[in-house]
Amino acid sequence: MSNITTVKGFKDILPDETAKWRSIEEKARNIFADFGIREIRTPVLEKTDLFRRGIGDSTDIVEKEMYTFVDQGEESLTLRPEATASVIRSYIEHALYAADPLAKLFTIGPMFRRERPQKGRYRQFHQIDVEYLGYDDPRADAEVIMLLIQLLKNLGLADVKLEMNTLGCALCRPAFRESILSFLEGKKEDLCEDCRRRLNTNPLRVFDCKNTGCRRIITDAPRLLDVACGSCRKHFDVVTSSLTDFGIPFFVNTGMVRGLDYYTRTTFEITTEFLGAQNAVVGGGRYDGLVKDLGGPDIPGIGFAIGMERLLSLLPMKSEDFAIHPYIFIAALGDYAQKQAFSLCHRLRLRGIPAEMAYGGKSLKSQMKRANKLNCRYTLIFGDRELAAGTVELRDMRDSSQVSLSYQTIEETIATKFGEEQTHLG
RNA sequence: GUGGGUGUAGCUCAAAUGGUUAGAGUGCCGGGUUGUGGCCCCGGAGGUUGAGGGUUCAAGUCCCUUCACUCACCCCA
């Protein structure tokens, strides 16, 4: 096939799937409303510097995964690889903090990273993103996580694991970095090739190396939790004890390092064993320095991002459960009847009754087959014979019963019936 | 960027060591009922076997190249 296809790593979301997506989004919006989180929508395209400064120049995302191009020789632009930087940019640009020092925001939409696609990883993927700005208190961390857990519960997601860690703050992290470096320095020869490289770039990454040799070495390494400053430790204690108070189970994973430079203190992930190599469905954490780094006031923040494709693949939803069916199918025989059917069909739709018909003078059998395929509740049948007698046939597609009704009042009859059945379903 | 796997009908897959017009299920269209769906039966349409080249009397099958998809590494949602 030499036809034009989607770009590598980009996916069409076909009609059978869209209802599932909408269902997730609706449930998210509902719970966000309960928590007072308001929607913000930012452009998918931003100036490249936003991400360079926000995410960090030495991260993989910025180094090799961004869709960046120069716009007509003028300016370097980038398709957003994540939402947080954009939300913060907007927050600063419109000085939202001036009107209210506290902001709870969410946004839903596509992100773009030019990685090699594989299971659970696409070049365009979608995130549900939540950001709390201006909240210093560890209870905000707990609130964000609790709302996330509740959302996943509402969606029917089971068998997931909440992993927690703290990355320290500007005071205690540098010291920790040094102690890790000196710890690993003597064991350099035993580390894998990747980890030796990591010593220079991001030594904390050695913690989540999958190489068994590296794992053995790192088990004895100092942990940030042990050397964290008093306030960071206290912060983490309040977050975790809040979760415990509400019966939310979690695992402290002192080896969890996140890939974006801006995280401080609390970080967390929701993981599952059903996603193959991409086991994280949600990632998040606190970023107390980011707003300031991006040119705003010194305002703390915490948030998370849910990977929608990964989430979808974990949910047991079936597309049949979301299928929509016409209430009534009109099967008409003959030119005059077809004309009447077309008019009736349109009038029913204008009244909010899902109606469908077949064009093109097909056989009754063919029209009935179509009605069946569409899973219509009723089929209305009439030809010249019925119209001459002023009647129409209404067939119940479930039990195959059929009644003869007055053509004059059929629109009202159907409308009444539809109204009654709707309230019954209520 | 690196490595493995796979490319045959819209979809899921067959076609022994190379051997005539590449099959089945499903879906689609039509018929079996001159005006009645599902189940059943029958028929039809739909393929340049991903593309290009090579070996051979003969290639879906073997060789080379290329592309796509996929899984994994790196990293992340």
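In what follows, chains carry the letters A, B, and so on, assigned in the order in which the sequence lines appear, proteins first and then strands, with residues in each chain numbered from 1.
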Ignoring hydrogens and angles, are the base of rC75(B) and the side chain of R113(A) linked by a donor-acceptor pair under 3.5 Å? no
Integer angstrom distance from the P of rC11(B) to that of rG54(B): 30 Å
Please state the P separation for the pair rG60(B) and rU20(B) - nearest whole angstrom. 10 Å
P atoms of rC63(B) and rU56(B), separation to the nearest Å: 16 Å
Donor + acceptor pair across side chains of Q422(A), Y327(A) (<3.5 Å): no
Could you let me know what rA51(B) is paired to, Watson-Crick or G-U wobble, both distances under 3.5 Å, or none if it's on its own? rU65(B)
Measure from CZ on R370(A) to P on rC29(B) and round the result to the nearest Å. 8 Å
Any strand: nucleotide that pairs with rG19(B) via Watson-Crick or wobble, under 3.5 Å: rC57(B)
Taking a pair as Watson-Crick or G-U wobble with both distances under 3.5 Å, which nucleotide is matched to rA45(B)? none
Kindly indicate whether the side chain of E386(A) and the base of rG35(B) share any N or O donor-acceptor pair separated by less than 3.5 Å? yes
Donor-acceptor contact present, side-chain R113(A) to main-chain P81(A), <3.5 Å: yes
Give me the distance, rounded to whole Å, that separates rC71(B) from rU17(B) when you measure between the P atoms they each carry. 29 Å
Is any side-chain nitrogen or oxygen of K362(A) closer than 4.0 Å to OP1 or OP2 of rG31(B)? no
Between P117(A) and A305(A), whichever has its closest RNA chain B nucleotide further toward 5' is P117(A)
Is there a donor-acceptor contact under 3.5 Å linking the side chains of N154(A) and Q150(A)? yes
Looking at Q118(A), I'd like to know whether one of its side-chain N or O atoms comes within less than 4.0 Å of OP1 or OP2 on rU70(B). no
Note: for K64(A) and A280(A) on RNA chain B, the residue whose nearest nucleotide lies more 5' is K64(A)
Nearest-nucleotide pick for K11(A), side chain only, options being rG35(B), rA77(B), rU70(B): rU70(B)
I need the CG-P distance between L14(A) and rG10(B), as an integer number of Å. 16 Å
Kindly point out which of rU36(B), rU70(B), rC75(B) is positioned nearest to the side chain of R395(A)? rU36(B)
Can you tell me the Watson-Crick or wobble partner of rC74(B), both distances under 3.5 angstrom? none
Rounded distance in Å - CG (L314(A)) to C1' (rA77(B)): 11 Å
Provide the distance between the two P atoms, one in rG43(B) and one in rA24(B), to the nearest whole Å. 10 Å
Side-chain N,O (K373(A)) to OP1/OP2 (rG27(B)) below 4.0 Å: no
Look at R22(A) together with E25(A) and state whether they make a salt bridge at an N to O cut-off of under 4.0 Å. no
rA9(B) to rU48(B) separation - P atoms, rounded to the nearest Å: 9 Å
Counting distance only, does the side-chain N/O of Q408(A) pair as donor-acceptor with the main-chain N or O of G390(A) below 3.5 Å? no
Does rG25(B) pair with anything, Watson-Crick or G-U wobble, both distances under 3.5 Å, and if so, with which nucleotide? rC11(B)
Can you tell me if S343(A) and R347(A) form a side-chain donor-acceptor pair at under 3.5 Å? yes
Have Y135(A) and E143(A) got a donor and an acceptor in their side chains that come within less than 3.5 Å? no
Integer angstrom distance from the P of rC69(B) to that of rU8(B): 14 Å
Separation between the C1' atoms of rC28(B) and rC67(B), rounded to whole Å: 30 Å
Donor-acceptor pair between Q340(A) and Y407(A) side chains, under 3.5 angstrom: yes
Check if the side chain of K369(A) and the base of rG30(B) share a donor-acceptor pair of N or O atoms closer than 3.5 Å. no
Give one of base, sugar-phosphate or nothing for T379(A), where a contact means two heavy atoms less than 4.0 Å apart. nothing
Can you tell me if the side-chain N/O atoms of T5(A) get under 4.0 Å from OP1 or OP2 in rA68(B)? no
Does K119(A) reach a base, just sugar-phosphate, or nothing at all? Heavy atoms under 4.0 Å. sugar-phosphate
Whole Å only: how far is the CZ atom of R116(A) from the P atom of rC73(B)? 13 Å
Distance in angstrom units between M368(A) CE and rG32(B) C1', rounded: 17 Å
Provide, to the nearest angstrom, the distance between the NZ atom belonging to K8(A) and the P atom belonging to rC67(B). 10 Å
M111(A) has an atom CE; how far is it from atom P of rA77(B), in whole Å? 11 Å
Identify the nucleotide, in any strand shown, that forms a Watson-Crick or G-U wobble pair with rC39(B), with both distances under 3.5 Å; if there is none, say none. none
Under 4.0 angstrom, heavy atoms only, what part of the nucleic acid is E309(A) near: base, sugar-phosphate, or nothing? nothing
Tell me: OH of Y122(A) to P of rA68(B), nearest whole Å? 18 Å
Has the side chain of E393(A) got a donor or acceptor atom sitting under 3.5 Å from an opposite partner on the base of rU36(B)? no
